[in-house]
Amino acid sequence: MRRLLTPPWIVLHCFAVVLTVAFGLLGWWQLSRAQGGNAISWGYAFEWPLFALFTIALWIRQMRLELHKDRPEGDAPRRGKPEPPPMTSPFEPSILRARQTDIEPSHGGHA
C-alpha cells in the first residue's frame with residue numbers, strides 16, 4: 001500500500017481526480033445545453049461521464065497492477081477453471097508419418 005503513496009503515484013492520483021471531476025462537470029454542462037435546445041449536446045452529455053468512468057477504471061487497474069507487481073506467481077490465487085491440457089489430433093501419428101516421408105530424400109538418382 002505504501003507503494004501507492006510515492007510522489008509519482010500522488011501525482012497520478014491527483015491527475016485522475018482532476019480528470020474525473022472535469023469530465024463530470026463537462027457532462028453536466030453539456031446536459032444543461034442539451035436541455036436548452038442544443039440537440040448535438042445530448043451525445044456529449046453521455047460521452048463525458050463515460051470518459052470519467054474510463055478514467056476511474058484505468059486508475060483502479062493501474063493501482064491493482066502496481067500492488068500485484070512483486071507477488072510471486074505461485075502465491076497468486078487461481079480463479080476460474082484450470083487451464084485445459086493441450087489438444088492433440090486423433091490423426092497426429094499419420095500426419096507425422098506423412099511429414100517424415102516428405103522429408104526423407106528419394107533414392108532415385110539423376111545421371
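Hydrophobic cluster membership is shared by L31 and F46, with clusters built from Ile, Leu, Val, Met, Phe, Trp and Tyr side chains linked at under 4.5 angstrom. V21 is connected to I60 through a chain of hydrophobic side-chain contacts under 4.5 Å among Ile, Leu, Val, Met, Phe, Trp and Tyr, so both are in one cluster. Hydrophobic clustering of Ile, Leu, Val, Met, Phe, Trp and Tyr side chains at less than 4.5 Å, counting indirect connections, unites I40 with F51. Under the 4.5 Å side-chain heavy-atom criterion for grouping Ile, Leu, Val, Met, Phe, Trp and Tyr, L25 is connected to I56 within one hydrophobic cluster.
Residue-environment remark: CG (L5) exceeds the threshold of 12 foreign heavy atoms within 6.0 Å.
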task = Show your working on side-chain contact (heavy atoms from CB on, under 4.5 Å) between R2 and W9 and close with a plain yes or no.
result = CA-CA 10 Å; R2 255 187 180 175; W9 270 102; over 6 Å; no
request  = Might you work through the side-chain contact (heavy atoms from CB on, under 4.5 Å) test for V17 and W59, ending with a clear yes or no?
outcome  = CA-CA 9 Å; V17 169; W59 182 24; 3.9 Å; yes
task = Show your working on side-chain contact (heavy atoms from CB on, under 4.5 Å) between E47 and F23 and close with a plain yes or no.
result = CA-CA 9 Å; E47 188 176 86; F23 291 156; over 6 Å; no
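For the pair R33 and W29, the cation-pi criterion (under 6.0 Å, within 45° of the ring axis) is fulfilled.
Atoms CZ and OG1, from F15 and T20 in turn, are 10.0 Å apart once rounded to the nearest 0.5 Å. Going from atom OG of S32 over to atom CG of N38 covers 10.0 Å, rounded to the nearest 0.5 Å. Here the CG-CD distance, from L12 to E66, works out to 10.0 Å after rounding to the nearest 0.5 Å.
No side-chain heavy atom of L26 sits less than 4.5 Å from a side-chain heavy atom of Y44. For the pair H13 and M63, the minimum side-chain heavy-atom distance is below 4.5 Å.
Taking each heavy atom of G27 and P49 in turn, the nearest pair found is CA-CD, 4.2 Å.
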